[in-house]
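What follows is a short report on a single structure.
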Amino acid sequence: MFVAIYRWRLHPDRERDFIANWERITLLGLAAGSGGSSLFKDTEGCWVAIARWISREAREHFFQSMEDDDAEPGMRERAAQAIIERLPPIELESVLDCWSPFPQAPKA
């Protein structure tokens, strides 16, 4: 497994555009075979995403295909405008993978 950790500082009034675009990319990635992603906001206001892929090459292929066929350039542009600062990504090769889906919460 390959994991990429992305980090940004966002304009507070544009966070919704960024979140919507991240969700769109994640759903497209899931359809293309990714392991999905999670998006977080840390206590200092930095946004962090963790994305899982079967390999680095699979991730590169997906993003290359996104550039060739971007169906929603307006959303992508609005999300880009939300970014104040893009911090360097952290790329990790899996050594031990013990992640598991959480059990479904009981229905109230």
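If you're wondering where the values come from, they're calculated on a predicted model, not measured in any experiment. Worth knowing before you read on, the calculation uses all heavy atoms, side chains too, and leaves out hydrogens, waters and symmetry mates.
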Any donor and acceptor pair, going by atom type alone, linking the side chain of Asp97 with main-chain N or O of Trp99 inside 3.5 Å? yes
Would you say [Y] ends up clustered with [X] if hydrophobic residues are merged whenever their side chains have heavy atoms under 4.5 Å apart, either directly or through other cluster members?
X	Y	value
Phe2	Ile50	no
Val48	Leu92	yes
Phe63	Phe18	yes
Ile5	Ile19	no

Tabulate below the donor-acceptor pairs under 3.5 Å that side-chain atoms of residues 77-90 make, not counting sequence neighbours, or state none.
{"residue": "Glu77", "atom": "OE2", "partner": "Gln81", "partner atom": "NE2", "Å": "3.4"}
{"residue": "Arg78", "atom": "NH1", "partner": "Gly74", "partner atom": "O", "Å": "3.3"}
{"residue": "Glu85", "atom": "OE1", "partner": "Arg9", "partner atom": "NE", "Å": "3.3"}

More than 12 heavy atoms of other groups within 6.0 Å of Leu27 CG: yes
Do Val3 and Met1 have side chains that approach each other closer than 4.5 Å (heavy atoms only, starting at C-beta)? yes
[atom2] on [Y] to [atom1] on [X], rounded to 0.5 Å:
X	Y	atom1	atom2	answer
Arg52	Leu30	CZ	CG	9.5 Å
Asn21	Thr26	CG	OG1	9.5 Å
Glu23	Ser37	CD	OG	9.0 Å

Who pairs with Arg59 by salt bridge (Lys or Arg N to Asp or Glu O under 4.0 Å), at least two apart in sequence or on another chain? Glu91
According to salt bridge (Lys or Arg N to Asp or Glu O under 4.0 Å), who are the partners of Glu93, at least two apart in sequence or on a separate chain?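 Glu93 satisfies salt bridge (Lys or Arg N to Asp or Glu O under 4.0 Å) with Arg56 once adjacent residues are dropped.
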For residues 36-62, which residue pairs pass the ring pair (Phe, Tyr, Trp, His ring centres under 6.0 Å) check, not counting sequence neighbours? Trp53-Phe62
Ring pair (Phe, Tyr, Trp, His ring centres under 6.0 Å) against Trp22, all qualifying residues, sequence neighbours excluded: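 Checked Trp22 against ring pair (Phe, Tyr, Trp, His ring centres under 6.0 Å); matches are Tyr6, Trp8.
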Just to verify, what does Asp42 make a side-chain contact (heavy atoms from CB on, under 4.5 Å) with, not counting sequence neighbours?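 Asp42 satisfies side-chain contact (heavy atoms from CB on, under 4.5 Å) with Glu44, Cys46 only.
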